[in-house]
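Data first, discussion second: the structure below is written as structure tokens.
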Amino acid sequence: MEQSFYDAVYDVVRLIPKGRVTSYGAIAKSIGAGGSARMVGYAMNHAQEADPPVPAHRVVNSSGLLTGKFHFATPTLMQEMLEQEGIQVKEDKVQNFKKLFWDPLQEI
DNA sequence: GGATTGACGTGTC
DNA sequence: AGACACGCCAATC
């Protein structure tokens with residue numbers, strides 16, 4: 001079966017550099033999905049079972065909020081991972097999000 | 001195959 | 001400033 005919408009999302013997310021984050025909308029645009037930001041998040045749900053694994057913890061919503069943290073093994077895992085990469089997270093929000101934001105369109 | 005859903009985004013009240 | 005509403009679009013049931 002052909003690569004589906006998911007594979008495109010996975011590929012972009014895997015391109016996110018360590019210590020950086022991006023938003024669902026940005027990914028959606030990069031794959032040509034436009035305003036289908038929801039689809040990106042939907043794909044990320046499967047990302048847990050995707051192989052190779054996708055750094056979904058580097059993907060947050062446009063506000064820098066860790067909206068999908070509850071979809072990880074543990075709700076705190078996402079924050080832990082981000083902090084490991086040097087990203088400051090407070091109240092489930094990525095601090096300095098604007099600076100840490102990585103736009104896939106700039107890479108692709 | 002129609003209806004529902006969803007890790008979102010932007011705007012409005 | 002916080003809460004609510006609508007829009008997008010593909011996958012799943």
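What's counted below: heavy atoms across the whole structure, side chains too, no hydrogens, waters or symmetry copies.
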For this session: Answer whether the closest heavy-atom distance between the side chains of A:Leu100 and A:Val94 falls below 4.5 Å.
Result: yes
Exercise. Just by distance, with hydrogens left out, do A:Glu80 and A:His57 show a side-chain donor and acceptor under 3.5 Å apart?
Worked result: no
For this session: With a 4.0 angstrom cut-off to heavy atoms of chain A, pull out the first and last contacting nucleotide of DNA chain C, in 5'-to-3' order.
Result: C:dG7 to C:dT12
Exercise. Going by the angle between their ring planes, with limits at 30° and 60°, are A:Tyr10 and A:Tyr6 parallel, tilted or perpendicular?
Worked result: parallel
Can any side-chain N or O of [X] pair as donor or acceptor with the backbone N or O of [Y] at less than 3.5 Å?
X: A:Arg58; Y: A:Met81; result: no
X: A:Ser23; Y: A:Asn61; result: no
X: A:Gln48; Y: A:His71; result: yes
X: A:Gln79; Y: A:Leu77; result: no

Exercise. Does any residue of residues 44-77 of chain A have a heavy atom under 4.0 Å from DNA chain B, and if so, which ones, in number order?
Worked result: A:Met44, A:Asn45, A:Ala56, A:Asn61, A:Ser62, A:Thr67, A:Gly68, A:His71, A:Phe72
What integer distance in Å separates [X]:[atom1] from [N]:[atom2]?
X: A:Gln79; N: B:dA7; atom1: CD; atom2: P; result: 19 Å
X: A:Arg38; N: B:dC8; atom1: CZ; atom2: C1'; result: 6 Å
X: A:Tyr10; N: B:dA7; atom1: OH; atom2: P; result: 14 Å

Problem set entry | Evaluation steps, side chain to side chain contact (heavy atoms under 4.5 Å, CB included), between A:Leu82 and A:Val21 | CA-CA 9 Å; A:Leu82 292 172; A:Val21 292; 4.0 Å; yes
